[in-house]
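A quick write-up on the structure given underneath.
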Amino acid sequence: MYKILKKEWLSEKICLMNIEAKDLALAAKPGQFLIVKKDEFGERIPLTICDYDRKNGTVTIVFFVLGKSTKDIGTLDEGDFFQDVVGPLGVESEFLHENLENLKNKKVLFVAGGVGTAPVYPQVKWFHENGLKADVIIGAKTKNLLILEKEMKAVAENLYITTDDGSYGYHGLVTDVIDDLIKNQGKKYDCVVAIGPMIMMKFVCLKTKEYNIKTTVSLNPLMVDGTGMCGACRVRIGDKIKFACVDGPEFDGHLVDFDEAMRRQMMYKTEEGRALLKENDGDTHSAKDCPIDNHEEEYTSLENLPKNKRVPVREQNPIIRATNFKEVTFGYTLEEAQKEASRCLNCKNPLCMQGCPVSIDIPAFIQEIKKGNIDEAGKILMKYTSLPAVCGRVCPQETQCEGKCILGIKGEAVAIGKLEKFVGDYLLKNSFEIQISKKNNHKVAVIGSGPAGLTVAGDLAKMGYDVTIFEALHKTGGVLTYGIPEFRLPKDEVVQKEIDNIKKLGVTFKTNEIIGKTKLIDKLLDEEGFEAVFIGSGAGLPKFMNIPGENLNGVLSANEFLTRVNLMKGYLDEYETPIKVGKKVAVIGGGNVAMDAVRTAKRLGAEAHIVYRRSEKDFPARLEEVHHAKEEGIIIDALTLPKEILGNEKGEVIGMRCIKTTLGEKDSSGRASFIELENSDFIMDVDTVIMALGTSPNPLISSTTKNLDINKWKCIVADDNGQTSREGVFAGGDAVSGAATVILAMGAGKKAAKAIDEYIKFKNN
């Protein structure tokens with residue numbers, strides 16, 4: 001919780017707050033921003049850092065009360081708390097990296113519009129503190145909306161104030177003042193920094209282009225997580241697409257496509273935009289989590305079940321489950337689990353174990369289920385995994401343990417995943433003691449609370465280590481929380497309970513801590529007493545196709561869409577997070593993330609399509625997910641390649657131009673290549689397009705950690721045991737491999753935990 005120490009209304013609708021946030025204040029730099037979240041139901045709101053006090057551990061924010069979310073945070077008073085304050089985020093002002101002597105010879109003009117005065121102030125203050133001079137223009141609609149005049153006068157060389165209505169200072173726009181300074185007063189500027197409303201920055205850039213003055217703007221459009229994970233804040237800079245929260249927020253203003261940025265901003269950020277979104281989306285704008293008390297289940301008699309057939313698992317009726325977010329699969333009863341366990345041959349050379357990335361003794365725990373000894377089955381599982389209830393639900397068993405099962409040759413493999421889920425759920429409902437070694441007084445830091453980080457932390461805690469997990473978001477679980485939907489992996493009943501069990505091992509969790517921004521790895525190792533660091537930050541940077549129309553309103557990454565639904569509960573009316581669904585949705589891709597996105601869109605009332613350039617049999621997704629999707633009415637458009645996304649004059653998606661494909665020879669991936677068929681173009685009628693094309697590691701950590709090697713895919717380079725090029729720093733999971741599965745990340749975490757233990761023991765001998 002983050003306490004509000006001071007609150008001041010700078011005008012009727014502009015509020016200043018001073019917030020207690022020690023780590024953020026220590027790391028903050030001019031030009032950066034933070035994210036605030038009022039409470040559990042509040043929206044994540046990005047705000048530029050207006051000021052910071054390292055000594056007192058405080059940061060200052062200024063915001064304009066416009067929509068519901070800002071009205072809500074405006075009701076907080078001194079002594080109240082924000083649930084979350086995250087940062088600093090974004091790249092600091094480029095001036096901080098210039099030679100001070102060179103800057104002394106430059107003439108710099110800052111242009112601030114409205115609340116944009118707040119982010120301009122710390123930059124001008126930095127100039128003043130370093131003996132540099134800068135002119136400042138502050139523009140406001142009227143005198144009553146003018147802010148920070150006194151503070152700016154104290155640090156600016158010259159301060160020029162203008163109001164649209166002439167109620168104070170110069171009568172006119174900031175561009176009129178620029179003309180006056182250059183044409184009439186003979187001023188010459190080497191560079192301009194403009195921060196304010198999008199429309200103001202656009203016209204400032206048009207003006208400075210006339211004078212050939214380099215101009216930097218700060219873009220702070222819609223952001224969900226602020227770390228680059230969702231891709232919501234993508235902006236077109238010249239011929240490239242950038243993420244404002246990772247690559248910015250400062251960009252060359254002469255290269256920014258402001259019209260496109262303003263259209264995207266309107267979709268969520270204004271009351272008008274939200275109202276239009278609700279009107280256009282209709283029933284799909286939000287959804288009630290429909291009760292399933294009257295669900296239909298199919299019970300199969302266990303008598304006379306053929307040995308080559310597995311015991312079927314009970315599920316929600318597809319028609320009913322396609323309208324709610326409750327879990328699809330109900331799981332086995334004890335009788336059903338024992339019946340299925342009895343099919344296991346208990347092989348002397350169990351191939352199933354070879355297919356398991358964490359090498360669970362599968363026959364052993366299944367034999368205990370067969371005997372009815374569920375406690376013993378749980379003890380065996382917990383030797384190898386800290387997340388059995390998760391793994392039983394989301395692991396691709398058909399290509400791993402079950403894919404190696406001997407019974408699968410002539411029939412159906414043992415349902416290893418469903419049996420693990422059964423035991424995992426039993427462990428969550430019953431208290432279970434885990435053997436923990438005596439504390440050894442050695443500290444290890446883990447970055448990221450996803451499957452790799454949780455595994456490392458759990459294993460090291462069992463060995464007696466003092467482990468702290470640093471999580472960038474306000475909720476723990478990583479991709480388990482923000483990426484996988486409730487209907488596949490319940491958050492409160494499963495994910496958070498699994499994490500609670502890890503907390504019982506003594507692991508400390510720190511949320512809203514962005515390593516690479518709030519703190520650096522160097523600080524963890526050199527100042528905070530951690531002897532080793534494990535990086536399990538995942539691969540959260542979304543990929544796009546780079547086809548025309550990709551920046552239209554209604555084109556989302558799957559990460560953004562799923563984050564809004566899973567993490568921020570945007571589908572429920574009581575939560576403030578807006579979400580764009582549409583009436584006809586096309587999800588591009590064929591992996592598990594694509595299936596999660598398309599099935600989510602279906603549950604929100606849309607006609608939902610999977611569009612994939614290869615055939616259905618080439619889908620990388622789990623067979624069970626594809627089966628469930630088809631049962632729920634998902635339309636599969638295979639052998640179809642999007643070529644262009646079409647929009648109307650408002651910049652909204654109205655369709656997608658596609659071309660049919662056919663399969664050719666196998667390519668380097670082992671799958672058949674695809675060939676475009678001539679004259680097969682057609683228009684698909686959609687109003688929302690979701691890109692589920694995979695992700696790459698976020699550069700936040702690698703770009704701020706010395707001597708940490710990365711490869712051409714931006715993945716951290718690490719050996720089989722997770723050791724990186726930096727001594728004492730280990731890494732695993734998607735941050736190293738690129739986007740992969742939960743169980744592979746856990747496997748990497750187990751190896752790294754062992755390697756960290758060996759490293760610290762060797763270091764201290």
Side-chain angles (χ1 to χ4, degrees), residues 231 234 236 238-241 257 260 263 542-559 561 582-599 601-602 606-623 625-627 629-630 633-696 712-713 738-739:
R234 62 189 185 277
R236 188 179 301 279
D239 60 353
K240 295 182 179 178
I241 300 298
D257 187 333
E260 185 177 83
R263 285 197 303 266
K543 296 178 181 178
F544 292 85
M545 291 186 70
N546 296 319
I547 59 176
E550 211 165 32
N551 261 25
L552 290 166
N553 279 0
V555 181
L556 315 172
S557 74
N559 263 20
F561 182 63
K583 296 177 180 177
K584 292 186 178 181
V585 177
V587 177
I588 315 302
N592 290 324
V593 174
M595 294 301 156
D596 287 342
V598 78
R599 294 173 69 196
K602 176 71 176 179
E607 176 183 299
H609 296 245
I610 279 284
V611 179
Y612 192 62
R613 62 191 182 182
R614 291 186 171 91
S615 68
E616 182 183 326
K617 68 177 182 170
D618 293 304
F619 282 176
R622 295 180 65 200
L623 295 177
E625 304 311 319
V626 178
H627 170 70
K630 291 168 72 175
I634 301 303
I635 301 166
I636 294 178
D637 297 297
L639 298 172
T640 301
L641 178 67
K643 300 292 286 185
E644 179 183 7
I645 301 168
L646 308 175
N648 59 19
E649 66 281 356
K650 297 179 182 179
E652 302 165 334
V653 173
I654 58 172
M656 185 166 64
R657 183 172 66 85
C658 302
I659 192 168
K660 299 302 291 183
T661 64
T662 187
L663 298 181
E665 298 296 321
K666 289 185 178 181
D667 60 18
S668 57
S669 71
R671 294 178 297 171
S673 59
F674 62 92
I675 303 165
E676 297 181 16
L677 294 175
E678 291 186 14
N679 302 318
S680 65
D681 290 50
F682 67 98
I683 304 298
M684 181 178 288
D685 178 23
V686 295
D687 55 12
T688 301
V689 177
I690 299 174
M691 298 291 180
L693 306 169
T695 54
S696 59
K712 64 181 180 180
W713 297 284

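Since this is a predicted model, take the numbers as computed values, not measurements.
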- Task: Decide yes or no for Ile636 and His609: does some side-chain heavy atom of the first lie under 4.5 Å from some side-chain heavy atom of the second?
- Result: no
- Task: Locate the shortest heavy-atom distance separating Ala597 from Phe561; write the atom from each residue and the value.
- Result: O-CE2, 3.5 Å
- Determine the minimum heavy-atom distance between Asp257 and Glu260, stating which atoms define it. OD1-N, 3.1 Å
- Query: With Ile634, which of Val587, Val626, Val598 fulfils side-chain contact (heavy atoms from CB on, under 4.5 Å)?
  - Reply: Val598
- Just by modelled atom types, is the Glu665 backbone N or O under 3.5 Å from a matching donor or acceptor in the Ser673 side chain? yes
- Message: For Ala672, is there any backbone N or O sitting under 3.5 Å from a side-chain donor or acceptor partner on Arg614?
- Response: yes
- Can you list the steps and then say if Glu652 with Asp687 is a side-chain contact (heavy atoms from CB on, under 4.5 Å)? CA-CA 8 Å; Glu652 302 165 334; Asp687 55 12; over 6 Å; no
- Go through the side-chain N and O atoms of Thr695 and Lys543 and say whether any donor and acceptor fall under 3.5 Å apart. no
- Counting only N and O atoms by type, is there a donor-acceptor contact under 3.5 Å from the side chain of Asp637 to the main-chain atoms of Thr640? no
- Task: Please tell me if the side chains of Arg599 and Glu625 come closer than 4.5 Å, counting only heavy atoms from C-beta onward.
- Result: yes
- Message: Just verifying a value: how many Å separate Ile241 CD1 and Asn551 CG, rounded to the nearest 0.5 Å?
- Response: 4.0 Å
- Message: As an exercise, state the distance from CD1 of Ile588 to SG of Cys658, rounded to the nearest 0.5 Å.
- Response: 6.5 Å
- Message: Whether the side chain of Glu616 engages the backbone of Ala638 through a donor-acceptor N/O pair (distance < 3.5 Å, no angle test) should be reported.
- Response: no
- Note on the structure: Tightest non-hydrogen contact, residues Leu552 and Ile645, listed as CD1-O, 3.6 Å
- Task: Report the residue from Leu641, Leu639, Thr662 that forms a side-chain contact (heavy atoms from CB on, under 4.5 Å) with Ile675.
- Result: Thr662
- Message: If you compare all heavy atoms of Ser557 against all heavy atoms of Pro542, which two are closest, and at what distance to 0.1 Å?
- Response: CB-CB, 3.7 Å
- Item | Nearest heavy atoms of Leu693 and Phe544, plus distance in Å | CD1-C, 3.7 Å
- Roughly how far apart are Asn559 CG and Ile690 CD1, rounded to 0.5 Å? 11.5 Å
- Distance col, row Asn546:CG vs Met691:CE, nearest 0.5 angstrom, shows 9.0 Å
- Would you check if Met656 and Val611 make a side-chain contact, meaning some heavy-atom pair closer than 4.5 Å? yes
- Item | Heavy-atom side-chain contact between Phe619 and Met595 under 4.5 Å | yes
- Roughly how far apart are Lys584 NZ and Glu607 CD, rounded to 0.5 Å? 5.0 Å
- NZ (Lys602) and CD1 (Ile635) are apart, to the nearest 0.5 Å, by 7.0 Å
- Nearest heavy-atom contact between Glu676 and Ile659 is OE1-CD1, 3.8 Å
